[in-house]
Protein chains: 2
Amino acid sequence: MLQHDQLVLAIVDDHPIVIEGLKNLLASATGFDIVSFTTGSDFLNYLKTNGADVVLLDIVLPDANGLELCRDIKKKYPDITILAISNQAERSIIQQMLQNGASGYLLKNASADELLDCIEKGMKGETALSKEAKDILSGPATNDWNSIPSLTKREKEILRLISEGLSSTDIADKLYLSQLTVETHRRNIIQKFQTNNMFSVIKLAMEHKII
Amino acid sequence: MLQHDQLVLAIVDDHPIVIEGLKNLLASATGFDIVSFTTGSDFLNYLKTNGADVVLLDIVLPDANGLELCRDIKKKYPDITILAISNQAERSIIQQMLQNGASGYLLKNASADELLDCIEKGMKGETALSKEAKDILSGPATNDWNSIPSLTKREKEILRLISEGLSSTDIADKLYLSQLTVETHRRNIIQKFQTNNMFSVIKLAMEHKII
DNA sequence: TTTTACCTACCTGTTTTTCGGTATATTTCG
DNA sequence: CGAAATATACCGAAAAACAGGTAGGTAAAA
């Protein structure tokens, strides 16, 4: 049994069943104090008045994007060790997560041993990947990472509105911008996707789950 | 074996963490004997020599399709109560599962109470749906069959080319049509989707896997 | 056989997007 | 702090999309 008597481990996952499973696994194998949350904002609230040493963070949450949440947590509380837990087995997601400060990435079909092992590694400062995550990263280096542009928050917002059928002037009204500004964003988005018009941008963005 | 009069509940899920969670929840709240499997074939093997009363069946399994597995189990062992457990929140999946003999459908974000409630209902022969599953089934019927327009072959072809970034004149050249014809098709497509421009059409078409 | 659906094509407009620039204030980050 | 990224805004012109019509030919279905 590992001994971490005063360390706090937080679980952020919107599946009560998963939380129960993780609690059960960890309570019997470690000495962590365990707290759990089903939304990102609940956890951020908790952090205002409490501490945490390790976080098991689901990427898919009802109220937040796990990628951004991870970055935000790391920015405010750099000492927290974040391990991402997700069903998403896509290379780009794993890479983005690690880039945003996660210490590791576990797929939800990881075994209990892998989980404990990754927590240990993460706390030692090593990069902790479950077997399947490792396979994906070391696998065929597809060049699609280059063609998945990272949009800014504003750009994503505007792209989403475009995909819902709003014109540039509609969007300008909605966001209290000049339509010229919206058109500038449009151009930048199209350029980032290295394509020639918005139609293909929307297709690509949908394929890569950006919208 | 101990206590043959006790009811047996089987969990079939490829996520060890989920299995732990379900075991933990059910062991403390019910008197079931609990067995678990991570593959469909493991479970089928078990059924050759053992019985089960209730099955919590994940739809996504490494070696089998949950839909077919459900049908097979029901055909061989009609008395087993099957509850589907899945992350997939799509109307058509739920409907297919119920048609294949499942007594209920739980989304993985269901609460412990919902889970216990559904097991009870399922064993009484009632249809047991978690709240969110119920919402999806009773919800806007518009989203699935009614508002998914059926495009003709030509229209699909043109929509696909538009989503790849080709303009009407590009498409006209490629398909040896007048660009006026292409524009007519565009208008008909937009009308079928009951929207105002191609951008939202592409989004909707991607969502419904038409392209 | 009449109807219906589909593919094709055209006309006349208006609206919207796209492309070529430039430019400033703010925010973020090394 | 200084540099880079981001969000904001403007001008002008060309290209494309959108919207309202109409309409002929073909093939399948009622």
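Below, chain A is the first sequence line, B the second, and so on; all start at residue 1.
Between D:dC18, C:dT16, C:dT18, one nucleotide has an atom nearer to the side chain of A:Ser167 than all others, and that is C:dT16. Of all nucleotides listed (C:dC19, D:dT6, C:dT8), D:dT6 comes nearest to the side chain of A:Lys192. If you check D:dT8, C:dC6, C:dC19 against the side chain of A:Ile190, the one that comes closest is C:dC19. The nucleotide whose nearest atom lies closest to any side-chain atom of B:His185 is, among C:dT17, C:dT8, D:dC18, C:dT8.
With respect to the salt-bridge test (charged N to carboxylate O, under 4.0 angstrom), the residues A:Glu157 and A:Lys153 do not qualify. Salt-bridge annotation for A:Lys203 and A:Glu207: present, with a side-chain N of the basic residue lying under 4.0 Å from a carboxylate O of the acidic one. A:Glu68 and A:Lys156 are joined by a salt bridge, as a carboxylate oxygen and a charged side-chain nitrogen come within less than 4.0 angstrom of each other. Ion pairing between B:Lys23 and A:Glu20 fails under the 4.0 Å rule for side-chain N and carboxylate O. For A:Lys174 and A:Asp170, the salt-bridge test fails: no basic side-chain N is under 4.0 Å from an acidic carboxylate O. A salt bridge links B:Arg160 with B:Glu164; the closest basic N to acidic carboxylate O contact falls under 4.0 Å. Taking 4.0 Å as the cut-off between side-chain N and carboxylate O, B:Asp72 and B:Lys76 do not count as a salt-bridged pair. Contact check on B:Lys108 versus B:Asp13 returns a salt bridge, with a Lys/Arg side-chain nitrogen under 4.0 Å from an Asp/Glu carboxylate oxygen.
Within residues 66-79 of chain A, no residue is approached by DNA chain C to less than 4.0 Å at the level of any non-hydrogen atom. Residues from residues 170-183 of chain A placing a heavy atom under 4.0 Å of any atom in DNA chain D, listed by number, are A:Leu177, A:Ser178, A:Leu180, A:Thr181.
Between A:Arg186 and the phosphate of C:dT18, there is a side-chain N or O to OP1/OP2 separation shorter than 4.0 Å. At D:dT6, none of the side-chain N or O atoms of A:Thr152 fall inside 4.0 Å of OP1 or OP2 (strictly under the cut-off). Under 4.0 angstrom from either OP1 or OP2 of C:dT17 there lies at least one side-chain N or O belonging to A:Ser168.
One atom, CG of B:Asn196, and another, C1' of D:dC18, lie 10 Å apart when rounded to the nearest Å. In this entry the distance linking CD1 of A:Ile158 with C1' of C:dT18 reads 16 Å, nearest Å. Counting to the nearest Å, the P atom of D:dA16 and the CZ atom of A:Phe199 are 12 Å from each other. Per the geometry, CD1 belonging to B:Ile162 stands 13 Å off P belonging to C:dT18, to the nearest Å.
Using the six-membered ring where Trp is involved, B:Phe199 and A:Phe199 have ring planes that are parallel, under 30° apart on the 30 and 60° scheme.
Here A:Asn197 lies in heavy-atom contact (under 4.0 Å) with sugar-phosphate atoms only.
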Can you give me the N/O atom pairs linking the protein to nucleotides 22-30 of chain D at distances under 3.5 Å, or say none if there are none?
none

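In this structure, OG1 on B:Thr127 lies 10.5 Å from NZ on B:Lys134, to the nearest 0.5 angstrom. Going from atom CG of B:Asp58 over to atom CG of B:Leu83 covers 13.0 Å, rounded to the nearest 0.5 Å.
Side-chain polar atoms of A:Thr195 and A:Ser200 form a donor-acceptor pair below 3.5 angstrom.
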